[in-house]
Amino acid sequence: GEPLDPAELRRLNIPEAVRTPEGLELHVLHSDTFGNVILDGQLDQLTELGLDLGQEVWVRRAGKLHQATIARTFADVPPGGLLLYQDGLGMLALAVNRGSAAEMLGAERHDEILVGVG
């Protein structure tokens with residue numbers, strides 16, 4: 001191929017989950033066709049915060065708080081319930097049992113979401 005001028009290259013700003021005093025700051029990578037919100041974090045980052053399966057957490061998006069459960073499957077929460085789970089690619093994701101997390105949260109690509117307890 002043709003050589004590239006290094007001055008023309010652009011740095012990619014890839015979001016990265018960050019631990020904060022309030023919890024885990026995550027970023028929306030995308031939403032799938034079902035309204036599941038795929039985030040840039042991984043389950044072990046929740047474990048480092050002392051969070052585990054079945055635990056209730058809060059999710060803050062645009063100043064609004066939502067209650068969620070760290071779950072393995074959608075059936076672990078009632079219909080309409082918000083869950084935080086590990087998707088098939090190992091990423092954290094938010095979903096609503098029989099609903100759309102993207103719609104519930106009003107979440108779009110690059111949005112910031114904070115997950116915490118208390």
Side-chain angles (χ1 to χ4, degrees):
E2 292 292 318
L4 294 174
D5 179 359
E8 293 180 16
L9 297 177
R10 294 185 191 179
R11 180 172 295 282
L12 289 176
N13 293 322
I14 299 172
E16 188 174 322
V18 178
R19 187 175 177 172
T20 72
E22 292 181 290
L24 186 60
E25 179 184 299
L26 301 153
H27 306 90
V28 176
L29 298 177
H30 69 92
S31 313
D32 65 18
T33 57
F34 301 104
N36 301 324
V37 176
I38 313 308
L39 305 168
D40 61 350
Q42 297 184 342
L43 195 58
D44 63 341
Q45 291 173 298
L46 293 179
T47 305
E48 289 171 5
L49 291 173
L51 302 175
D52 203 2
L53 287 172
Q55 190 165 354
E56 296 291 317
V57 294
W58 52 261
V59 173
R60 185 171 69 204
R61 154 80 184 93
K64 294 182 181 177
L65 288 177
H66 303 270
Q67 196 71 28
T69 302
I70 302 172
R72 190 178 313 267
T73 69
F74 285 50
D76 293 338
V77 300
L82 182 65
L83 63 136
L84 180 62
Y85 70 102
Q86 182 177 21
D87 74 3
L89 296 175
M91 303 303 291
L92 288 176
L94 287 162
V96 172
N97 185 0
R98 299 185 189 172
S100 167
E103 186 177 307
M104 175 188 278
L105 301 171
E108 297 180 3
R109 188 174 181 176
H110 302 297
D111 283 350
E112 186 177 291
I113 292 179
L114 187 66
V115 172
V117 294

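Keep in mind the model is a prediction, meaning the values are calculated, not measured.
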(message) Suppose the criterion is salt bridge (charged side-chain N to carboxylate O under 4.0 Å, His left out): which pairs have a residue in residues 18-30, not counting sequence neighbours?
(response)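 As it turns out, the salt bridge (charged side-chain N to carboxylate O under 4.0 Å, His left out) pairs with a partner in residues 18-30, which skip direct neighbours, are Glu22-Arg60.
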Nearest non-hydrogen partners of [X] and [Y], listed with the distance:
X: Leu114; Y: Gly23; answer: CD1-C, 4.2 Å
X: Ala71; Y: Leu53; answer: C-CD2, 3.7 Å
X: Gly106; Y: Arg61; answer: O-NH2, 2.7 Å
X: Trp58; Y: Leu65; answer: CE3-CD2, 3.5 Å
X: Leu82; Y: His66; answer: CD2-CB, 3.8 Å

Passing candidate, side chain to side chain contact (heavy atoms under 4.5 Å, CB included) with [X], options [options]:
X: Asp111; options: Val28, Leu105, Val37; value: Val28
X: Leu84; options: Leu43, Ile113, Leu39; value: Leu39
X: Leu24; options: Val18, Val57, Leu92; value: Leu92
X: Leu26; options: Val115, Val59, Leu94; value: Val115

(message) Between Asn97 and Phe74 (side chain of the first, backbone of the second, donor and acceptor by atom type, cut-off under 3.5 Å), is there such a pair?
(response)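 Looks like yes, one N/O pair under 3.5 Å.
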(request) Answer yes or no: is there a donor N or O on one side and an acceptor on the other, between the side chain of Asp40 and the main chain of Ala17, under 3.5 Å? (result) yes
(message) In the structure I gave you, are the side-chain heavy atoms of Met91 and Gln42 within less than 4.5 Å of one another anywhere?
(response) yes
First locate atom [atom1] of [X], then atom [atom2] of [Y], and finally report the distance between them rounded to the nearest 0.5 Å.
X: Leu83; Y: Asn36; atom1: CG; atom2: CG; answer: 8.0 Å
X: Arg10; Y: Glu8; atom1: CZ; atom2: CD; answer: 10.0 Å
X: Ile38; Y: Ser31; atom1: CD1; atom2: OG; answer: 7.5 Å

(request) Report yes or no: do Phe34 and Val96 belong to one cluster of Ile/Leu/Val/Met/Phe/Trp/Tyr joined by side chain heavy-atom distances under 4.5 Å? (result) no
(message) Using the rule that Ile, Leu, Val, Met, Phe, Trp and Tyr join whenever any side-chain heavy atoms are under 4.5 Å apart, tell me whether Val77 and Tyr85 fall into a single cluster.
(response)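 Linked within one cluster.
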(request) Might you confirm whether atom CD of Glu103 has over 12 heavy atoms from other residues, nucleotides or ligands at distances under 6.0 Å? (result) no
(request) Evaluate the criterion side-chain contact (heavy atoms from CB on, under 4.5 Å) for residue pair Asp76 and Thr69; output intermediate values, then yes/no. (result) CA-CA 8 Å; Asp76 293 338; Thr69 302; 5.7 Å; no
